[in-house]
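Chain letters run A, B, ... following the sequence lines, proteins first and then strands; every chain starts at 1. Every value quoted in this text rests on a predicted model; they were computed, and no experiment measured them.
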Number of protein chains: 2
Amino acid sequence: MLTQSEENYLKCIYHLSSKSNGAINTNAIADSLETKAASVTDMIQKLANKGLASYVKYKGVNLTNKGEKEALKVVRKHRLWEVFLVKELGFNWDKVHDIAEQLEHIKSTTLIDKLDKFLAYPKFDPHGDPIPDANGEIAPNPTTTLSILKPGDVCTVICAKDTSSDLLLFLDRINISLGTQLEVVDYLEFDGSYSVKVDNGNPITLSTKVAENIFIDKL
Amino acid sequence: MLTQSEENYLKCIYHLSSKSNGAINTNAIADSLETKAASVTDMIQKLANKGLASYVKYKGVNLTNKGEKEALKVVRKHRLWEVFLVKELGFNWDKVHDIAEQLEHIKSTTLIDKLDKFLAYPKFDPHGDPIPDANGEIAPNPTTTLSILKPGDVCTVICAKDTSSDLLLFLDRINISLGTQLEVVDYLEFDGSYSVKVDNGNPITLSTKVAENIFIDKL
DNA sequence: TATTATTTTTAGTCTTATCTAAATTTATAT
DNA sequence: ATATAAATTTAGATAAGACTAAAAATAATA
Ligand SMILES: [Mn+2]
Ligand SMILES: [Mn+2]
Ligand SMILES: [Mn+2]
Ligand SMILES: [Mn+2]
């Protein structure tokens, strides 16, 4: 049985792997988990010994099939609990990540399958991230961000990067949520900012950084 | 902040204290938590140092007000989660204890208060045990068991001791649940068994041990 | 290519929570 | 009252997971 710490590492490696290709660096994991590189090395070796990761000294780590399967179970739990917290308990979307970070470690397959059913088998979490099903099947992660759009382009918001409460509260403030329609009216080369109409309202300015954190479907 | 283990010990001492008066023995805690006496001594000393328990060497331990308050928070969480698992997710009452044993350690006061509201502020858990409110107020534990009744007595089932899945499944099988009306029709001195009508049906036999594990309201 | 800088690993320490075995205290029974 | 039994505590060991500091390997640069 996996410990809480092992689960956190597996999920972290899974996430990093889906953002880049090739092996994952020790330091990237350490940054992501806010721990030290030495601790990461220890854990990587442990995961490799358990057949959950393939690891070559100094070259980085990758999940094995077995490891990815376990990681997906944790992701599934995390995202289903997030749906529960927002849809059923009325939490705002910026408050649920930390709580789901704990709930994702509750051991019970029956529990999570019943929760899935209770929530009517949601396909996406409150931030727009896809939820793996009971077999570990998961829709592809969104890839296109607002930042690739040109003036005149119209899109729908489908996902926000869910780690930062700052970003989510900012989106709340400017009335952007999942499904919101955006139109890019201008791009300012000088600072990389975008002028964007939210639901055909008056244009507002979004920084590059914000634009890179909003996943969209281009229309 | 309390660790999971500290919370388990506090809850355990709280439960033992409510069943007996005076200080709680080291061995009683060890038995209840399925651990060793030496481990219990260590933890008791730790809890005493944190001001959560009062402890006299060789004489046993009691919770301080502060310790009891913390224990009640854990009990509240445990029982609210049990209600959720049974009422919302459709678990049978014999399956929820172990899962609640994990869920009770999730840290978030907001979460538990929202869950409480979501469940419409239940006063009792699926086993009939009282649920502490947000201020730590809790109804008295049931005290009267079926075993004190005499032939001719009629009662309502209000609570089952929730630790044993064996007992709960047995009660399911003989159609006893919370609220069920029972009538004692006979008591057999020889083996201490009771003959009982369940909802005015045909009498069935219950052992002393079962009778001692069913809390009732005498009518 | 040689030298420096960065990354990663190893070695050794710390904390929490266990355990076993031994010592000590308290309870029980002659 | 004394001896024995039971309960409890202490001492010392172990395992997981984290840390710091030092060593080793890899990458970047002159
Ligand atoms: Mn987590
Ligand atoms: Mn999310
Ligand atoms: Mn517990
Ligand atoms: Mn219960």
Side-chain angles (χ1 to χ4, degrees), chain A residues 1-13 16-17 19-63 67 70-71 74 101-102 104-107, chain B residues 1-13 16-17 19-63 67 70-71 74 101-102 104-107:
Chain A
M1 227 239 307
L2 298 173
T3 66
Q4 193 153 320
S5 189
E6 288 168 338
E7 287 188 337
N8 283 334
Y9 275 92
L10 288 174
K11 186 169 61 118
C12 175
I13 298 168
L16 292 172
S17 293
K19 281 174 203 157
S20 74
N21 38 2
I24 305 304
N25 299 328
T26 301
N27 272 346
I29 298 169
D31 285 353
S32 174
L33 291 178
E34 295 180 62
T35 182
K36 296 297 151 85
S39 309
V40 173
T41 302
D42 276 354
M43 182 56 86
I44 285 174
Q45 290 172 341
K46 193 177 163 194
L47 295 176
N49 286 335
K50 286 193 168 192
L52 297 160
S54 61
Y55 165 59
V56 184
K57 250 190 208 176
Y58 295 102
K59 297 295 180 187
V61 68
N62 275 296
L63 295 183
E70 293 299 329
V74 183
E101 203 59 44
Q102 300 176 63
E104 71 191 1
H105 302 294
I106 302 293
K107 311 282 186 212
Chain B
M1 228 236 310
L2 299 173
T3 67
Q4 194 153 320
S5 189
E6 288 168 338
E7 287 188 338
N8 283 334
Y9 274 90
L10 288 175
K11 186 169 62 119
C12 174
I13 298 169
L16 292 172
S17 293
K19 279 175 205 157
S20 72
N21 38 2
I24 304 305
N25 298 329
T26 301
N27 272 346
I29 299 169
D31 285 353
S32 174
L33 292 177
E34 294 181 61
T35 181
K36 296 298 152 83
S39 309
V40 173
T41 301
D42 275 354
M43 183 56 86
I44 284 174
Q45 291 172 341
K46 195 177 161 195
L47 295 176
N49 286 335
K50 286 193 168 191
L52 296 160
S54 61
Y55 166 59
V56 183
K57 251 189 206 175
Y58 295 103
K59 298 297 179 185
V61 68
N62 274 296
L63 295 183
E70 293 301 328
V74 183
E101 203 60 42
Q102 301 176 64
E104 72 191 0
H105 302 293
I106 303 293
K107 310 283 185 210

Completion exercise
Which of C:dT10, D:dT8, C:dT18 is nearest the side chain of B:Asp42? It is C:dT18
Exercise for the section: Just call it for A:Ser5: base, sugar-phosphate, or nothing, with non-hydrogen atoms closer than 4.0 Å on any strand. Expected result: sugar-phosphate
Exercise for the section: Could you give me the CA-CA distance, side-chain angles and deciding distance for B:Glu101 and A:Lys107, then say whether salt bridge (charged side-chain N to carboxylate O under 4.0 Å, His left out) is met? Expected result: CA-CA 11 Å; B:Glu101 203 60 42; A:Lys107 311 282 186 212; over 6 Å; no
Problem - Nearest to side-chain heavy atoms of A:Tyr58, which nucleotide of D:dT8, D:dA24, C:dT10 - result: D:dA24
Practice task
Pick base, sugar-phosphate or nothing for A:Thr26, based on heavy-atom distances below 4.0 Å to the nucleic acid.
Solution key: sugar-phosphate
Practice task
Using a 4.0 Å heavy-atom cut-off across all strands, classify A:Thr41 as base, sugar-phosphate, or nothing.
Solution key: base
Practice task
Could you check which of D:dT9, C:dT18, C:dT9 has an atom nearest any side-chain atom of B:Lys57?
Solution key: D:dT9
Handout entry: Non-hydrogen atoms of B:Ile29 and B:Cys12 that approach each other most closely
Key = CG2-SG, 4.1 Å
Completion exercise
Considering only heavy side-chain atoms of A:Ala38, the closest of C:dT16, C:dT10, D:dT8 is C:dT10
Fill in the blank from the handout: What one should report as the nearest heavy-atom pair of B:Leu52 and B:Glu70 is CD2-CG, 4.0 Å
Fill in the blank from the handout: Atom CD1 of A:Ile29 and atom C1' of C:dT8 are separated, to the nearest Å, by 12 Å
Problem - Closest nucleotide among C:dT8, C:dT9, D:dT10 to the B:Gln45 side chain - result: D:dT10
